[in-house]
Amino acid sequence: MIDDIRLTYLALSEAPSPGGDSLVIRELGDSGGLFLGLDADRHQHLLLVHDGDLPELGLMTLTATLRILDVAGRPVRFIDIESRLEALAEVFEHFILAVSRQLEAERSSPAQVVESVLERWHLFLSSDGPPPSRDKLAALFGELLVLLDVVRADPHRRVDVWGGPSGSRHDFRRGSIAVEVKATRSHTSRIVTIHGDDQLEEPTGGTLFLHFIRLEEAAGSGRSVPSIVDELLALGASAEDLFTALARVGVPVAQLAQVSDVMFEVRERLTFPVDERAPRIVPSSFKRDERPLGVVDVRYQIDLDHVLENALDLREYVDVVNSLAAGGSHD
């Protein structure tokens with residue numbers, strides 16, 4: 001249905017621009033009360049047939065008004081939700097989809113449904129805060145590349161395998177398989193920084209891999225964080241789950257439009273088993289399997305050049321991806 005929303009807005013954009021505060025509107029399919037609109041400033045509008053009170057939005061980026069518009073020769077009363085920022089266009093389209101689905105699933109009033117969806121989507125539709133740094137974008141880009149691999153292999157298109165945003169010890173985990181992702185913008189070295197003495201410790205009874213990605217920033221070439229997010233959504237990943245994960249890593253989806261020109265080319269990808277052959281510090285590296293008294297944190301660097309011969313081949317990496325894509329809840 002997201003394609004129907006986008007095609008409807010495209011058709012509206014090709015219509016003559018309305019004058020003043022008027023709207024050009026079109027019903028979304030045969031929704032029975034959900035219309036989309038564009039105003040003279042090309043702001044997107046969601047219009048819901050409604051005779052009650054306005055919903056409480058609590059956002060600077062959205063406004064809610066009551067409108068009476070002519071539909072097929074008769075006046076119809078609408079709640080009009082306007083998106084004030086062009087940068088939020090894609091988020092607003094997925095917000096519309098969420099509202100539409102909830103309207104179909106329950107008998108609440110349109111105002112109640114809008115408020116209910118906004119309880120979950122408030123952060124996604126807020127544009128506060130500075131854009132993320134290059135370093136943060138590079139690290140996120142690397143993790144999203146692996147997530148894209150896993151979602152492609154998962155017929156259920158789940159993103160819950162990405163545990164890093166929730167504070168999990170490893171970036172990716174399903175069952176007994178875990179993957180830690182490290183991205184670098186260095187041109188030559190394969191030195192990566194490890195945070196904590198448990199980051200390279202295998203899951204109990206499981207297997208851990210370290211996935212290394214070398215990136216080069218290239219203006220006007222390559223891919224961006226927003227473009228990979230678009231690929232994930234196009235595959236069918238849950239917008240709400242993905243947007244929540246992005247917010248948790250400190251890159252709210254409302255900021256993505258600001259960084260669409262930061263593009264990376266992938267120069268190298270390597271995957272290493274993390275076992276007794278790998279350079280690492282884990283609890284068992286210390287006497288009594290614990291840090292010395294008074295040591296509150298461990299941060300160190302490892303050089304993966306020392307274990308290049310242990311890197312997986314492509315088939316073995318695909319096996320890891322397939323293991324991450326399999327199992328778990330299919331709800």
Side-chain angles (χ1 to χ4, degrees), residues 137-165 168-195 198-216 222-225 227-232 234-237 242 245 249 264-280 282 301-328 330:
L137 287 173
L140 177 58
F141 185 94
E143 292 183 28
L144 288 175
L145 280 180
V146 176
L147 181 61
L148 187 61
D149 291 340
V150 176
V151 169
R152 279 179 177 146
D154 181 2
H156 306 285
R157 308 308 190 202
R158 296 162 295 171
V159 300
D160 60 339
V161 68
W162 188 21
S168 298
R169 181 156 56 99
H170 300 120
D171 292 323
F172 294 86
R173 171 82 185 272
R174 177 156 284 137
S176 62
I177 302 293
V179 174
E180 190 65 28
V181 180
K182 296 294 180 182
T184 183
R185 289 186 290 158
S186 168
H187 294 301
T188 56
S189 79
R190 298 185 180 93
I191 296 174
V192 297
T193 300
I194 308 301
H195 302 275
D198 61 350
Q199 192 172 53
L200 293 188
E201 184 179 30
E202 305 95 321
T204 302
T207 306
L208 174 64
F209 298 90
L210 191 155
H211 189 74
F212 171 83
I213 302 176
R214 187 191 307 283
L215 302 174
E216 181 178 348
R223 299 152 84 186
S224 65
V225 165
S227 73
I228 299 182
V229 170
D230 286 343
E231 289 182 62
L232 286 162
L235 284 171
L242 182 56
V249 298
F264 299 101
E265 291 182 348
V266 178
R267 294 304 186 190
E268 185 177 37
R269 294 181 69 174
L270 297 168
T271 306
F272 301 89
V274 179
D275 51 25
E276 66 279 355
R277 299 171 297 172
R280 60 175 178 166
V282 292
Q301 293 183 310
I302 61 174
D303 188 345
L304 296 172
D305 281 347
H306 293 285
V307 288
L308 281 180
E309 68 278 5
N310 298 334
L312 305 187
D313 60 28
L314 178 58
R315 179 187 57 79
E316 291 170 323
Y317 172 68
V318 170
D319 288 343
V320 172
V321 167
N322 288 337
S323 296
L324 288 172
H330 296 173

Asks: Is the side chain of H170 donor-acceptor paired with the backbone N or O of E201 at a distance under 3.5 Å, no angle test?
Replies: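 Present.
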Asks: Taking side chain to side chain donor-acceptor pair (under 3.5 Å) as the criterion, tell me which of Q199, R169, H211 meets it with E180.
Replies: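 The single option meeting the side chain to side chain donor-acceptor pair (under 3.5 Å) with E180 is Q199.
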Asks: Have a look at D305 and tell me which of I302, V307, L308 forms a side-chain contact (heavy atoms from CB on, under 4.5 Å) with it.
Replies: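 With D305 as partner, I302, V307, L308 yield a single side-chain contact (heavy atoms from CB on, under 4.5 Å), made by L308.
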Asks: Report the distance from atom CZ of R267 to atom OG1 of T184, rounding to the nearest 0.5 Å.
Replies: 13.5 Å
Asks: Please determine whether salt bridge (charged side-chain N to carboxylate O under 4.0 Å, His left out) holds for the pair E202 and R280, giving the CA-CA distance in whole Å, both sets of side-chain angles, and the decisive distance to 0.1 Å.
Replies: CA-CA 11 Å; E202 305 95 321; R280 60 175 178 166; 3.0 Å; yes
Asks: For the atom pair CG (L147) and CG (L324), what is the distance rounded to the nearest 0.5 Å?
Replies: 10.0 Å
Asks: Write down the atom of L242, the atom of L232, and the distance for their closest heavy-atom approach.
Replies: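 That closest heavy-atom pairing would be CD2-CB, 3.9 Å.
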Asks: E143 side chain to L140 main-chain N or O, any donor-acceptor pair under 3.5 Å?
Replies: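 Here the side-chain-to-backbone pair does not exist.
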Asks: What verdict does the side-chain contact (heavy atoms from CB on, under 4.5 Å) test give for V266 and L145, after you've listed the backbone C-alpha separation in whole Å, the side-chain angles of each residue and the deciding distance to 0.1 Å?
Replies: CA-CA 10 Å; V266 178; L145 280 180; 3.7 Å; yes
Asks: Considering residues at least two apart in sequence or located in another chain, which fulfil the side chain to side chain donor-acceptor pair (under 3.5 Å) criterion with T193?
Replies: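 Side chain to side chain donor-acceptor pair (under 3.5 Å) list for T193, sorted by chain: Q301.
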Asks: Compare every heavy atom of R173 with every heavy atom of A178, then report the nearest pair and how far apart it is.
Replies: CB-CD, 3.8 Å
Asks: Roughly how far apart are R277 CZ and F272 CZ, rounded to 0.5 Å?
Replies: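 Answer rounded to 0.5 Å: 11.0 Å.
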Asks: Carefully, step by step, assess W162 and V150 under the rule side-chain contact (heavy atoms from CB on, under 4.5 Å).
Replies: CA-CA 9 Å; W162 188 21; V150 176; over 6 Å; no
Asks: Check L210 against V274 and note the closest heavy-atom contact, atom names and distance.
Replies: N-CG2, 3.7 Å
Asks: Please find the pair of heavy atoms, one from A153 and one from N322, that lie closest to each other, and give the distance.
Replies: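 Taking every non-hydrogen atom into account, CB-OD1, 3.6 Å.
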Asks: Check whether any side-chain heavy atom of T207 lies under 4.5 Å from a side-chain heavy atom of P273, and answer yes or no.
Replies: no
Asks: For V225 and L144, which heavy atoms make the closest approach, and how far apart are they?
Replies: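 Here V225 and L144 meet closest at CG1-CD1, 3.8 Å.
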Asks: Shortest non-hydrogen contact from L215 to A138?
Replies: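 Taking L215 first and A138 second, the nearest heavy atoms are CD1-O, 3.6 Å.
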Asks: Sub-3.5 Å donor-acceptor pair from the side chain of R152 to the main-chain atoms of D154, do we have one?
Replies: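 It does not hold such a pair.
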Asks: Quick one: pull up CZ in R174 and OG in S176 and give me the separation to the nearest 0.5 Å.
Replies: 12.0 Å
Asks: Suppose we screen for side chain to side chain donor-acceptor pair (under 3.5 Å). Which residues come up paired with S168, at least two apart in sequence or across chains?
Replies: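 Per chain and number, S168 pairs via side chain to side chain donor-acceptor pair (under 3.5 Å) with no residue.
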Asks: Out of curiosity, K182 NZ to I213 CD1, how far, rounded to the nearest 0.5 Å?
Replies: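 One gets 12.0 Å once the value is rounded to the nearest 0.5 Å.
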Asks: Taking atom CG of L235 and atom CG of L148, what is their separation to the nearest 0.5 Å?
Replies: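 Reported to 0.5 Å precision, the distance equals 6.0 Å.
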Asks: Let me see the working for V146 and Y317 under side-chain contact (heavy atoms from CB on, under 4.5 Å), right down to the final yes or no.
Replies: CA-CA 11 Å; V146 176; Y317 172 68; 4.2 Å; yes
Asks: With salt bridge (charged side-chain N to carboxylate O under 4.0 Å, His left out) as the criterion, how do E216 and R214 come out once you've worked through the C-alpha distance, each side chain's angles and the decisive distance to 0.1 Å?
Replies: CA-CA 7 Å; E216 181 178 348; R214 187 191 307 283; over 6 Å; no
